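Report on one structure; see the data block that follows.
In this text the structure is predicted, and so the values were computed from the model without any measurement. All chains are named by letter (A, B, ...) in the order of the sequence lines, taking the proteins before the strands, and each is independently numbered beginning at 1.
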Amino acid sequence: MVMSSKTAISPRRDQDYPNWYQEVIKNGDLAENSEVRGCMIIKPWGYTIWENIKNELDCKFKETGHQNAYFPLFIPLKYMQKEAEHVQGFAKECAVVTHHRLVQDEQGKLIPDGKLEEPLVIRPTSETIIGETFSKWVKSYRDLPLLINQWANIVRWEMRTRLFLRTSEFLWQEGHTVHSTQAEAQQETLQMLQVYKSFAEDYLAMPVIAGKKSESEKFPGAVDTYSIEAMMQDRKALQSGTSHFLGQNFAKASNIKFLNREGAHQYAWTTSWGVSTRLIGGVVMTHGDDNGLVLPPRIAPVQLVILPIFKDSEERKKVFDYIEKINHEIKNTKFFNQEILTEIDDREIRGGEKKWQWIKKGVPLILEIGMKDIANNSVALIRRDDQDLKRVFIPRDKFLSEISGLLEDIQNKMYKRAFQYQKNNTRIIDQWNEFEKFFTPVQADKPEIHGGFARSLWCGELQCEEEIKQLNVTIRNIPLGAKPESGVCIKCGKPAKLRVIFAKAY
RNA sequence: CGGGGUGUAGCGCAGCUGGAAGCGCACCUGCUUUGGGAGCAGGGGGUCGCUGGUUCAAAUCCAGUCACCCCGACCA
């Protein structure tokens with residue numbers, strides 16, 4: 001079939017970004033919508049990416065002293081009620097279980113029966129039930145710090161959903177820790193934020209801005225919420241991870257108390273932090289191009305795919321012999337101390353289509369091997385991060401000695417490109433009219449890609465924040481480590497010291 | 001909950017002035033092809049959302065009902 005457009009994905013990013021996103025996921029075989037409203041089916045290619053993310057993060061959590069545990073999916077209604085702000089924040093999006101069996105009516109239809117005394121809420125997050133548990137585990141300062149992580153699914157009944165970015169059910173990890181002092185809990189909060197930041201940058205090649213959330217954007221029940229914010233290619237911000245200092249709010253709500261060295265009862269200090277399958281959406285929108293997904297080598301399910309090219313069974317045998325040897329030698333080299341993940345695609349599909357499938361799946365390196373290569377003792381290599389997808393013929397031995405470096409180079413270039421994009425679309429703005437113009441599309445009916453991150457001064461008042469929201473722009477965070485400045489608020493003109501990130505967001 | 005729209009093959013759709021259920025993609029078989037997305041030939045696949053009504057005859061007309069989508073509201 002002749003493609004009507006030159007790119008593998010249609011529409012292109014500049015034509016219709018949200019639609020492009022959906023198409024990349026479909027063509028990249030990451031996930032699909034399920035029959036269950038708002039829920040997604042994560043397909044093997046997408047799930048392996050999640051497993052890779054999970055494995056790496058899990059190591060980092062353990063390196064920082066955390067242990068995994070598992071808590072119930074069902075939360076008794078009365079637990080939810082314990083922290084006032086928390087209830088308010090989640091009440092509107094809870095799935096509630098009210099019955100515990102099914103019976104058949106006269107027509108043979110199944111109907112719920114056996115009403116529960118107390119309804120159960122499917123966890124939208126686990127602060128409450130973990131808090132209840134921790135109150136039993138923590139008796140003495142000797143029990144602290146308590147550093148727990150859970151890998152789980154959670155449910156938030158969202159009105160509008162988008163694959164990976166916002167679904168009713170999603171996968172995540174939630175860390176929950178208890179500390180004897182405020183300072184230690186605050187340090188933990190920032191430490192895990194840093195773990196997220198370096199993971200996003202080193203593994204996902206996704207540059208992020210770490211900072212503190214404004215009062216209105218905080219996690220319900222938290223004292224302070226911190227986030228990492230990434231810029232997508234439509235220049236909108238994606239909150240990619242959060243870390244919360246919960247103060248003593250949940251300790252008081254769940255009665256987490258301990259005896260200190262002086263023998264006095266004291267409420268503990270807690271934190272929680274999480275990242276989710278949303279990160280995959282972030283990878284798609286940070287690196288994807290008009291030919292589909294582009295995966296950072298460090299989380300790619302397959303780092304190099306080998307495509308055999310032959311005409312008949314005689315050639316087939318020769319090509320496969322050559323390929324097997326090369327594959328074996330590739331496996332003897334390492335990438336970040338791990339065996340390079342290769343796949344020989346021997347499916348009986350025509351070569352061109354096969355290649356494009358891998359391009360759309362974002363595999364970092366594609367190797368084509370045919371009779372020419374055997375004759376020349378070479379390989380044909382395509383780099384996925386090369387916009388033109390040029391085929392380069394290089395000597396076999398040269399390729400083998402360079403493969404690890406090639407993957408590293410792809411990883412680094414992907415980060416640099418994304419970093420440059422973020423930088424190019426971040427502006428210091430100190431005039432309201434410039435701010436307004438920055439965030440207003442030229443075509444009102446069909447907005448083009450516009451805006452970005454505005455670093456502007458803010459007085460700290462909720463009212464200004466609310467007024468700016470009229471533009472669909474919110475404070476993403478207040479970057480950490482910023483030098484104090486004196487100036488005036490972008491909106492009201494009153495004295496301001498905080499330079500914050502304003503952006504449209506997912 | 002308001003405003004608009006759509007339900008026909010796995011997906012995307014046509015058919016809608018009533019008269020034998022179709023097209024494209026995907027799938028299967030064969031032959032020819034194979035380093036930028038193959039060609040030809042053949043083939044499989046349907047409770048036309050559901051219920052009722054009008055009619056000799058309903059995917060088509062009418063009524064009801066259910067589901068989903070888009071724009072608001074809500075949420076980030």
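Within a 6.0 Å sphere centred on NZ of A/Lys213, heavy atoms belonging to other residues, nucleotides or ligands number more than 12. Counting heavy-atom neighbours within 6.0 Å of A/Trp151 CH2, excluding the residue itself, gives a total above 12. Under a cut-off of 6.0 angstrom, the local environment of NZ in A/Lys325 is sparse, with at most 12 non-hydrogen atoms contributed by other residues, nucleotides or ligands.
Between A/His244 and A/Phe219, the ring-plane angle classifies as parallel under the 30° and 60° cut-offs.
Summary of the strand contacts: A/Tyr506 and A/Glu368 both lie near RNA chain B, and taking for each the nucleotide with the nearest heavy atom, the more 5' one is attributed to A/Glu368. When each of A/Met371 and A/Gly89 is assigned the nucleotide of RNA chain B bearing its nearest heavy atom, the one mapping closer to the 5' terminus is A/Met371.
Taking the side chain of A/Trp356 as heavy atoms from C-beta on, and the options B/G35, B/G37, B/U34, the nearest nucleotide is B/G37. The side chain of A/Glu217 lies closest to B/A76 when the candidates are B/G35, B/G37, B/A76. Closest to the A/Glu158 side chain, of the nucleotides B/A38, B/A76, B/C75, is B/C75. Taking the side chain of A/Glu93 as heavy atoms from C-beta on, and the options B/A76, B/C75, B/G37, the nearest nucleotide is B/C75. For A/Arg476, the listed nucleotide lying nearest its side chain is B/A76; candidates were B/G35, B/A76, B/A38.
Atom name P, nucleotides B/C48 and B/C11: the rounded distance is 16 Å, in whole Å. The separation of B/G5 from B/G24, taken at their P atoms, amounts to 31 Å, rounded to a whole angstrom. Taking atom C1' on both B/U6 and B/G49, the two are 11 Å apart, rounded to the nearest angstrom. B/A9 sits 11 Å from B/C27 when the C1' atoms are compared, rounded to a whole Å. Rounded to whole Å, the P atom of B/U60 lies 15 Å from the corresponding atom of B/U54. The gap from the P atom of B/U32 to that of B/C16 amounts to 44 Å, rounded to the nearest Å. Nucleotides B/C69 and B/U33 are separated by 43 Å at their C1' atoms, to the nearest Å. To the nearest whole angstrom, the two P atoms, one in B/U55 and one in B/C62, are 16 Å apart.
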Should A/Lys469 and A/Glu466 be marked as a salt bridge (charged side-chain N to carboxylate O under 4.0 Å, His left out) after you check the CA-CA gap, both sets of side-chain angles, and the distance that decides it? CA-CA 5 Å; A/Lys469 258 189 196 168; A/Glu466 288 297 322; 3.7 Å; yes
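Per the geometry, CG belonging to A/Leu163 stands 12 Å off P belonging to B/C69, to the nearest Å. A/Asn33 places its CG atom 12 Å from the C1' atom of B/C69, with the value rounded to the nearest Å. If you take CZ of A/Phe90 and P of B/A76, they are 9 Å apart, rounded to a whole angstrom. We find that NZ of A/Lys504 is positioned 18 Å from C1' of B/C75, with the value rounded to whole Å. The CD atom of A/Glu348 sits 16 Å away from the P atom of B/U33 (whole-angstrom rounding). Straight-line distance from the CD atom of A/Glu315 to the P atom of B/U33: 12 Å, rounded to whole Å. A/Lys236 places its NZ atom 10 Å from the C1' atom of B/A76, with the value rounded to the nearest Å. At whole-Å resolution of the value, CD1 in A/Ile366 and P in B/G37 are 14 Å apart.
The partner of B/G72 is B/C1, judged by Watson-Crick or G-U wobble contacts that both fall below 3.5 Å. Within the shown strands, B/G43 is the pairing partner of B/C27 under the Watson-Crick or G-U definition, both distances less than 3.5 Å. Taking a pair to require two hydrogen-bonding distances under 3.5 Å in either a Watson-Crick or a G-U wobble arrangement, B/U55 remains unpaired. Summarising the base pairing, B/U33 is matched to no nucleotide, lacking a Watson-Crick or G-U wobble pair whose two defining distances lie under 3.5 Å. In this structure B/A21 sits in no base pair that meets the Watson-Crick or G-U test at under 3.5 Å.
Among the heavy atoms of the strands, none lies under 4.0 Å from A/Lys26. Residue-level contact check: A/Asp388 touches the bases, meaning some heavy atom is under 4.0 Å from a base atom. Looking at heavy-atom distances under 4.0 Å, A/Lys354 makes no contact with the nucleic acid at all. No contact: A/Arg316 has no heavy atom under 4.0 Å from any strand. Residue-level contact check: A/Phe393 touches the bases, meaning some heavy atom is under 4.0 Å from a base atom. Counting non-hydrogen atoms under 4.0 angstrom, A/Gln357 reaches nothing in the nucleic acid.
Ring centroids of A/His176 and A/Phe71 are separated by 6.0 Å or more, keeping the two rings apart. Taking the six-membered ring wherever Trp is involved, the centroid distance between the rings of A/Tyr17 and A/Tyr21 does not fall below 6.0 Å. Ring to ring, A/His450 and A/Phe438 are not that close: their centroids are 6.0 angstrom or more apart.
Put simply, A/Arg350 has no side-chain N or O that comes within less than 4.0 Å of OP1 or OP2 on B/G39. Phosphate contact (OP1/OP2 of B/C75, side-chain N/O of A/Lys92, threshold under 4.0 Å): present.
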